[in-house]
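These notes are about the structure you will find just below.
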Amino acid sequence: MTKLLLKLVLLFVVISYGIWKLSASTEFQLFGELIHKVDTEQKLVALTFDDGPTPHYTAEILHLLDLYQVKATFFVTGSETQRYMTQAKQIVAAGHQLGNHSWSHPRMLFMSLDEISREIEGTDQQIRAAGFKGEILFRPPYGKKLLLLPWYLAKTHRTNIMWDIAPETFDGLPDDSQTLAAEVLAQVQPGSIVLLHLMYKSGDASRAALPIIIKGLKDKGYRMVTVSELLTAQ
Ligand SMILES: [Zn+2]
């Protein structure tokens, strides 16, 4: 009896671990299209910035991208886009891409289809209100997805955009800007998708790393494009 119980506990642990690994995978999901990197020979990279927009840092980021003539993709939340529509419109007007990063940034692992639909559709409406005309790509908060979210995305013909380079860690303290930039420049390959968080105070090191990353990528002969442009190169 105890042996059976032990086996069941072990089985439960193994299955839970498997589900957790699957939900956090940047390269695999059960339904629909997931992109973590584009298969191309061309030296193209997509810089992607999660969360926001916020009034504090949007202008600074846009100024930098304009200075280096670089296009990027901003995965924004619906709630912040609604609240900071001025900044969202500025991002679109500058020629960058807006992507859907849910309405309220929840973990969407165990949500019902109704909740998933509200998180996604409401955000698309805000992105359209900001003037973005292209295909709206999706990125789940914390990169988390399991069953219903991929199923909903597949059913509504949305592509899930993950990343192959994320120099920051989600939990730990962010590294210094030189380390963050060095990490990106060491890992970059043609078709890479880089994830950075720039929109809050906690993104100080990442914002300081951005010009170093852009200069470094240019020195390596890379051109920085939106995710949609990168997708056409595959
Ligand atoms: Zn996020």
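Because the structure is a prediction, the values reported are computed rather than measured. In what follows, every heavy atom counts, from backbone to side chain, and hydrogens, waters and symmetry copies are set aside. Remember, it's 1-based here, ligands and their atoms both numbered in the order they're listed.
Judged by the 6.0 Å and 45° rule, Arg139 forms a cation-pi pair with Phe75.
For the pair His96/Phe74, a side-chain contact is recorded, criterion being any heavy-atom separation below 4.5 Å from C-beta on.
For Ser23 and Lys144, the side-chain atoms include at least one donor-acceptor pair closer than 3.5 Å.
Between Glu168 and Arg207, no side-chain nitrogen of the basic residue sits less than 4.0 Å from a carboxylate oxygen of the acidic one, so the salt-bridge criterion is not met.
Looking only at N/O/S atoms, Asp51 comes nearest to the Zn ion (ligand 1) through OD1.
Checking His197 against the Zn ion (ligand 1), every N/O/S atom stays at or beyond the 2.8 Å cut-off.
For His105 atom NE2 and His101 atom NE2, the angle they make at the Zn ion (ligand 1) is roughly 100°, to 10 degrees.
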